[in-house]
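FYI, the numbering just counts along the sequence from 1.
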Amino acid sequence: MYLPDEGRGWVGPAASAARALMRERRFDVVVTSGPPHSAHFAGLAATLGGDTQFWIDMRDPWSLTHELGAPDDWFVRAERFMLRRLERLVFPRAAKIIVNTLQFALALGAAEPDLDVRCFPNGVDLEHLPPRDERAVERGSIAYVGTLYAGRNLSSVCAAMRALLSNKPEAAATLRLNVAGPMESPHRHQFEDDIAV
């Protein structure tokens with residue numbers, strides 16, 4: 001058992017470094033981003049007793065996704081229970097919680113109605129991207145880059161690809177789905193089932 005996560009060993013040094021910076025100059029807010037969610041403990045410790053606001057940036061859910069692919073045994077359930085307790089210790093002390101999907105914002109807001117949850121979706125600064133060279137584009141290629149966990153899957157993408165191939169069989173020569181990133185075991189099985197249909 002290692003809770004809240006593998007990053008827990010640097011919470012103390014990170015909080016100390018943050019407090020040292022806060023003694024040197026004034027900050028309006030301290031923002032922690034996780035995973036690893038142990039970063040939120042460092043932010044909490046750094047801001048305790050001061051007037052600097054503490055904000056949490058949740059790139060991914062916390063207790064909800066812990067050991068998602070593991071067998072649902074008593075040990076994993078106990079770890080998730082402990083993580084929910086840790087969330088309830090940290091979340092109320094944050095002035096704001098920022099999440100990157102509307103679904104996550106709605107779920108967290110429903111579970112913890114007293115929290116100030118804001119959705120700030122991931123994005124790209126298009127002006128910083130190099131000009132697109134159409135000759136380098138692989139026609140019919142779709143890429144998914146990221147982790148598949150919780151309720152995320154590629155079922156709708158596979159269904160859309162099937163529908164396209166049904167209407168335009170000639171697209172089979174160029175249509176490709178590239179997946180890059182970790183995939184929990186249940187999601188791998190779902191993906192394999194979607195491909196097999």
> Please walk me through it: do S141 and N178 pass side-chain hydrogen bond (donor to acceptor under 3.5 Å, both in side chains)?
Replying inline: CA-CA 7 Å; S141 180; N178 302 295; 3.0 Å; yes
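- The hydrophobic cluster around I98 extends to V29, V31, W55, F120, counting ILVMFWY residues whose side-chain heavy atoms fall within less than 4.5 Å of a member.
- With sequence neighbours left out, the salt bridge (charged side-chain N to carboxylate O under 4.0 Å, His left out) criterion links R59 to D57.
- Of all the heavy atoms in N100 and C119, the pair that sits closest is C-SG, 4.2 Å.
- Note on residues 170-181: no pairs pass salt bridge (Lys or Arg N to Asp or Glu O under 4.0 Å), not counting sequence neighbours.
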>> Could you go through M58 and I97, starting from their C-alpha distance and side-chain angles, then the distance that decides it, and tell me whether this counts as side chain to side chain contact (heavy atoms under 4.5 Å, CB included)?
In response: CA-CA 7 Å; M58 301 278 295; I97 298 182; 3.8 Å; yes
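- Going from atom CE of M183 over to atom NE2 of H189 covers 11.5 Å, rounded to the nearest 0.5 Å.
- Counting only residues at least two apart or in different chains, side chain to side chain donor-acceptor pair (under 3.5 Å) contacts with residues 154-164 comprise N153-S155, S155-Q190, S155-D194.
- T32 pairs by the side chain to side chain donor-acceptor pair (under 3.5 Å) definition with H40, not counting sequence neighbours.
- Closest non-hydrogen pair, S166 versus P169, comes out as O-CD, 4.2 Å.
- Partners of L165 by side chain to side chain contact (heavy atoms under 4.5 Å, CB included), not counting sequence neighbours, listed by chain and number: A171, A172, L175.
- Here E138 pairs with nothing under the salt bridge (charged side-chain N to carboxylate O under 4.0 Å, His left out) rule; sequence neighbours left out.
- Taking each heavy atom of A15 and A42 in turn, the nearest pair found is CB-O, 3.6 Å.
- For residues 112-122, the pairs satisfying salt bridge (Lys or Arg N to Asp or Glu O under 4.0 Å) are R88-E112, K96-D116, D116-R118, with sequence neighbours left out.
- The existence of a salt bridge linking D193 and R188 is excluded, since no basic side-chain nitrogen approaches an acidic carboxylate oxygen closer than 4.0 Å.
- Side-chain contact between F91 and L86 is absent, with no heavy-atom pair separated by less than 4.5 Å.
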> Do D51 and R26 pass the side chain to side chain contact (heavy atoms under 4.5 Å, CB included) test, and can you show the C-alpha distance, the side-chain angles, and the key distance before you say yes or no?
Replying inline: CA-CA 10 Å; D51 59 356; R26 175 162 167 60; 3.5 Å; yes
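- What you find for A39 and S33 is that their closest heavy atoms are CB-O, 3.7 Å.
- In terms of heavy atoms, R93 sits closest to F54 at O-CD2, 3.7 Å.
- Taking 4.5 Å as the limit, every side-chain heavy atom of E87 sits out of range of all side-chain heavy atoms of L83.
- Pairs engaging residues 12-24 under the side chain to side chain donor-acceptor pair (under 3.5 Å) rule: none recorded [sequence neighbours left out].
- Cluster partners of L106, using a side-chain heavy-atom cutoff of under 4.5 Å among ILVMFWY residues and allowing indirect links, are L102.
- No side-chain heavy atom of Y144 sits less than 4.5 Å from a side-chain heavy atom of V157.
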> Should H187 and E192 be marked as a side chain to side chain contact (heavy atoms under 4.5 Å, CB included) after you check the CA-CA gap, both sets of side-chain angles, and the distance that decides it?
Replying inline: CA-CA 8 Å; H187 298 83; E192 290 167 353; over 6 Å; no
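- The side-chain heavy atoms of L108 and V99, taken from C-beta on, include a pair separated by under 4.5 Å.
- Applying the side chain to side chain donor-acceptor pair (under 3.5 Å) criterion to N167, with sequence neighbours excluded, gives no partner residue.
- Annotation for M22: hydrophobic cluster partners, listed by chain and number, are L21, F27, V30 (ILVMFWY side-chain heavy atoms under 4.5 Å, direct or chained).
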> Between Q53 and D28, is a side chain to side chain contact (heavy atoms under 4.5 Å, CB included) present by the stated rule, with each step listed?
Replying inline: CA-CA 6 Å; Q53 285 195 4; D28 296 321; over 6 Å; no
